[in-house]
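Report on one structure; see the data block that follows.
Just so you know, these numbers come straight off a predicted model, no measurement behind them. One-based numbering, in listed order, for ligands and for the atoms of each.
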Amino acid sequence: MASSKYLTGDSSAIQEFIDRFDVFLFDCDGVLWSGDHLFEGVVETLEFLRSKGKKTIFVTNNSTKSRPQYLAKFTSLGIPTSTEEIFGSAYSAAIYISRILKLSPPKNKVYVIGEAGIEQELRTENVPFIGGTDPSFRRDMTPEDWKGIADGSLLDPEVGCVLAGLDFHINYLKLSHGFQYLQRGAVFLATNTDATFPMNHSFFPGAGSVSLPLANMTGQKPIALGKPSQAMMDAIEGKFQFDRARTCMVGDRLDTDIKFGIEGRLGGTLAVQTGVNKKADWEAEGAVAVPAFYVDKLSDLRLVAE
Ligand SMILES: O=C(O)[C@H](O)[C@H](O)COP(=O)(O)O
Ligand SMILES: [Mg+2]
């Protein structure tokens, strides 16, 4: 089994690690922050890497925010960046639908299960959609719903795709509509399928746990456009033209971030232990992915190197 090199407290190993890469792809939830709590030393560590001429790119599976909404969060937490450096699964899904799937009338609409981030990125790509944050879907089922969903009178005949992401307002009504569209042949997509969502130093249902009922009902697995999807890696590489061998993926989750870097044939992967996975997870027999390097927390990269 592959082994992972521990860097925390080892300045020469950290220096050697940093010298190996020109570009760092940073995961967000569990690496930079937990919810709105910014981890200690993150701003200084990013500045330190940038001062060494390193390129920083933020790659998140969290589809609840669009790139401009993420820019506002980064700015509010004191992290200097631009929408150019931010690549989210909502954006990845929107460009997949508009540039690859290319839905054509009369079934060119997307039924969204998710938050405003997905809606904004679909609008940016001129992809029509229904559902999402529409308040008329945030309620209990009525007798009219049971009848109208079953006979299709309440369904939109122009829906050709169901896109599911992290939805903090998921309910029976939304799932019932989603199922009927999939039964009628709509393409099943997910921004990501993370099982859990790291927040406030604990865990909550992730996007994958939101879309799973639809997968369970239909027996279909959605095409996931976030990490570890290599469609996302190709899109990021296409945008930034980086040398994969000189690029490192930094993440807290084995089955998304680390798998993404390994399957993307990047020069390296670094795991931090401030989010979902810990050392014991990748040392376990049959681990889904083993990071090449690991630290306790992101700011370990900075402290020792100076
Ligand atoms: O459920 C989710 O969507 C994920 O837990 C979450 O969004 C992960 O975000 P990331 O760690 O990729 O920034
Ligand atoms: Mg994460």
Might you point out which heavy atoms bring Arg139 and Ser136 nearest each other, and give the distance in Å?
-> NE-O, 2.9 Å
Output the list of atoms in ligand 1 that are nearer than 4.0 Å to some heavy atom of Asn62, sorted by atom number.
-> 7 (O), 9 (O)
Result of checking Leu254, Val250, Leu270 against Pro291 for side chain to side chain contact (heavy atoms under 4.5 Å, CB included) = Leu254
When you check the space around the Mg ion (ligand 2), which protein N, O or S atoms turn up under 2.8 Å?
-> Asp27 OD2, Asp29 O, Asp252 OD1
Near Cys28, which atoms of ligand 1 are under 4.0 Å from a heavy atom of that residue?
-> 13 (O)
Where do Asp281 and Lys278 land on the salt bridge (Lys or Arg N to Asp or Glu O under 4.0 Å) test, with the steps shown first?
-> CA-CA 5 Å; Asp281 299 321; Lys278 305 288 185 275; over 6 Å; no
Which ligand 1 atoms does Asp194 reach within 4.0 Å, using its non-hydrogen atoms?
-> 1 (O), 2 (C), 4 (C), 5 (O), 8 (C)
Is the shortest distance from a heavy atom of Pro198 to ligand 1 less than 4.0 Å?
-> yes
Decide whether Asp19 and Gln15 meet the rule of one side-chain donor and one side-chain acceptor closer than 3.5 Å.
-> yes
Do Tyr6 and Asp296 have a side chain donor and acceptor closer than 3.5 Å?
-> yes
Would you call Glu16 and Lys5 a salt bridge, using N to O less than 4.0 angstrom?
-> no
Sub-4.0 Å heavy-atom approach of Arg253 to ligand 1 = no
